[in-house]
Structure formats: C-alpha cells, structure tokens
Number of protein chains: 2
Amino acid sequence: MGEREQDVIAKLEAAGVQPSAQRIAVGAYVLYTDAHPSADEVLAEVERAGRTAKLSRATVYNTLNLLVEKGLLRQLTLAEGRVVFDPVIERHHHFIDEATGRIHDVAWDAVRMPAPPPPPGFEVREYQVVMRGTRKKTR
Amino acid sequence: MGEREQDVIAKLEAAGVQPSAQRIAVGAYVLYTDAHPSADEVLAEVERAGRTAKLSRATVYNTLNLLVEKGLLRQLTLAEGRVVFDPVIERHHHFIDEATGRIHDVAWDAVRMPAPPPPPGFEVREYQVVMRGTRKKTR
DNA sequence: GTTCGTGCAAACGGTTTGCAACAAT
DNA sequence: ATTGTTGCAAACCGTTTGCACGAAC
C-alpha cells in the first residue's frame, strides 16, 4: 500500500469514517487533486487509476457527501448547469441565504476592494464577492 | 397594454429582438424582478400572471438565453445543483476560466478586502471573491 | 446477528435538442 | 417564399433514492 493510501486512511479515521476500500480509492484522488472534479469525474478518474475494487456511482456520491459532512472536502456550486437570472446588469455582489437559497443583490460600493489578481497567465473579465449566511437570530 | 409592456417592447427592440407576445410576457416578469428566478420559476410566474398567449418550457429557455446574449439579463450560476469538490479547506478565492470551465484556487491573502456587509438582518458565514476570465493572449 | 457500506437500477429535475407547425415580413 | 418563433416530446445529464447483497465488528 502506498504512502498516499496510508495518509488517506489516517484522515478518514481522524474524521470518524470507516476506511473502506472504495472510500480510500476516492479519497486518494479527491483529497489531493486541484482539478475541482465533479462526482462523475471522480468516478472516471478512480476507475482509470484502476488498482481498486469495483466502485459504483452511488458510492461515489455517498462518499463525497460524507467527506463534505466530515469537513475533509468543500463543495463548490460554481459550475454551469443550474442557473438563475438577474436583471441587474451593473456590477454588484451577491448574498445567498443558506436556509432558503434566496439570492440578494449587494451594491458594488458596499465593498471597498482592490481588483483581485488572477492566476498567472489569466486575465479577469469580471469579479464579485459571493457571501453565504443566514437570517440573524432576533433575541 | 400596460406601461410595463411598453417598456419591455422598447428594451427588446433596442436590443434587436423581435417583441413576440411570449417574449414580452417573459420580459415583463424577469426584467423587473429581484427574486433571481430559475427558468422554471419564470415559466410558473408568467403562467400565473396569465394574461398572455400559451408559453412552452422551450420558449422560456430560448427567450432567457436570448436575453442573456443580448445583455438584458445576467445569468448566475450560484444555485445548488451542479457541484464540484475542493480538498482545500482553508478559506480562499476562486478563478473560473470561462473558456474551459476550469476552476483555480486563489490564495486568501492575494486579496486585501474588509469583510463585506450582508443585507440588513442577515449575517455572513463565509464569503469569497469569484473571478471569471480567460487565458491571457500571448502576443 | 446487527450494523454499516456497496452496487444496481429506477426515478427525478433541470436543461437541451429535433422537428413540425406557425407567424411575420 | 423566406425567415424567424413557438410548442411538443424525447433525449440528456447530474443527482437521489430504494432495496437487496455483502462485509465488518
């Protein structure tokens, strides 16, 4: 067993997750990649690497969601695919109410921020701050 | 015909879009709402408002995409539903290559920014800058 | 032997596509 | 007549669910 796998097992156990063969295989990829893969890409990549027991789609989804729950992984909802429309054309920021999913516009001037630097070799066309949170408890 | 409809027609024509009955109906809702609706919510809302010719799902999608193309509407990909995973747990920002869809991590310290203010009555749990752009032309 | 994890297939929901019917000019 | 627009149904793709099999303690 490789060093990588040892490492994955340690992380899984530290998070209170039973290190099954499938979870190790998924973790050995997804916990070390910077490719920001989707669930299907994880499945494809693990199958390609091959040296593991059979792995079903459902197990990939189960495992990824479990790792997110346990704080080993973060879930990003930045990919195209489910889309929502905003008639406000001017640059502005967004706040997402995590309880309801409702999106609120936040005025551009509400945040004083220098233009952020893109990764080397890229140029920024547009940027915004995305906030997530909930309604404040009234006491 | 209401003032709202007149307005929509003007916007459509200014953008070089033929103002069909369906497009006017869609525009009369989506160009004036702050609810950030999905395509299906647009369909539901327009049907509820009712005072218009029949409207099919496909036409809603066509119309919304057309309005986005013409710059009358912005498309946000912030809603849950298509998801991608990142093993970097620490707070950081993201850059999305619009040509490829690839997502790059951007170090938190790369952007010097005060914590942004949420809409009144809300509190922020987490926030980040989301940049979109493309690879720089090499000349 | 009870609990937990997995695989399979079906269901589900949002989006896209192909095509025929239908305006509009 | 040509071009553009719409409706319908099917296809598609990512995700979730239900259930039965199998492994682990």
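Remember, it's a predicted structure, so these values are computed and weren't measured experimentally. Each chain gets a letter, A, B and so on, in the order its sequence line appears, and its residues count up from 1.
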* Structure fact -> The residue, A:Arg82 or B:Ala58, whose nearest nucleotide of DNA chain D is more 5′ is B:Ala58
* When you match A:Arg57 and B:Val60 each to their closest nucleotide on DNA chain D, which lands nearer the 5' end? -> B:Val60
* Asked: Counting side-chain heavy atoms from CB outward, which of D:dG7, D:dT6, D:dT15 is closest to B:Thr63?
  -> D:dT6
* Asked: Of all the choices, D:dT15, D:dT5, D:dG7, which nucleotide is nearest to the side chain of B:Arg23 once you look at every atom?
  -> D:dT5
Phosphate contact ([N] OP1 or OP2) by [X] side-chain N/O below 4.0 Å:
X: B:Ser20; N: D:dT6; answer: yes
X: A:Tyr61; N: D:dT16; answer: no
X: B:Gln22; N: D:dG7; answer: yes

Could you tell me the separation between the [atom1] atom of [X] and the [atom2] atom of [N], rounded to a whole number of Å?
X: B:Leu64; N: D:dT5; atom1: CG; atom2: C1'; result: 15 Å
X: A:Asn65; N: D:dT15; atom1: CG; atom2: C1'; result: 9 Å
X: B:Glu13; N: D:dG4; atom1: CD; atom2: P; result: 17 Å
X: B:Asn62; N: D:dC8; atom1: CG; atom2: C1'; result: 13 Å
X: A:Gln18; N: D:dG22; atom1: CD; atom2: P; result: 19 Å

* Would you say the side chains of B:His94 and B:Gln128 form a donor-acceptor pair under 3.5 Å? -> yes
* Ionic contact status for B:Arg132 with A:Glu126, cut-off 4.0 Å -> yes
* To do: Apply the side-chain contact (heavy atoms from CB on, under 4.5 Å) test between B:Tyr127 and each candidate in B:Val129, B:Val124, B:Val130; give the one that qualifies.
  => B:Val124
* **Terminal contacting nucleotides, 5' and 3', DNA chain C versus chain A (heavy atom, 4.0 Å)** => C:dC4 to C:dT15
Show which side-chain atoms of residues 28-37 of chain B pair as donor or acceptor with protein atoms under 3.5 Å away, not counting sequence neighbours.
{"from": "B:Tyr32", "atom 1": "OH", "to": "B:Asp7", "atom 2": "OD2", "distance (Å)": "2.8"}
{"from": "B:Thr33", "atom 1": "OG1", "to": "B:Ala35", "atom 2": "N", "distance (Å)": "3.0"}
{"from": "B:His36", "atom 1": "ND1", "to": "A:Ile103", "atom 2": "O", "distance (Å)": "3.0"}
{"from": "B:His36", "atom 1": "ND1", "to": "B:Asp34", "atom 2": "O", "distance (Å)": "3.1"}
{"from": "B:His36", "atom 1": "NE2", "to": "A:Asp86", "atom 2": "OD2", "distance (Å)": "2.9"}
{"from": "B:His36", "atom 1": "NE2", "to": "A:Asp105", "atom 2": "OD1", "distance (Å)": "2.7"}

* Asked: When you look at CZ of B:Arg135, are more than 12 heavy atoms from neighbouring residues, nucleotides or ligands closer to it than 6.0 Å?
  -> no
* In terms of heavy-atom contacts, does CZ of A:Arg102 have more than 12 from other residues, nucleotides or ligands at under 6.0 Å? -> no
* Side-chain (B:Arg57) to main-chain (B:Leu43) donor-acceptor, under 3.5 angstrom -> no
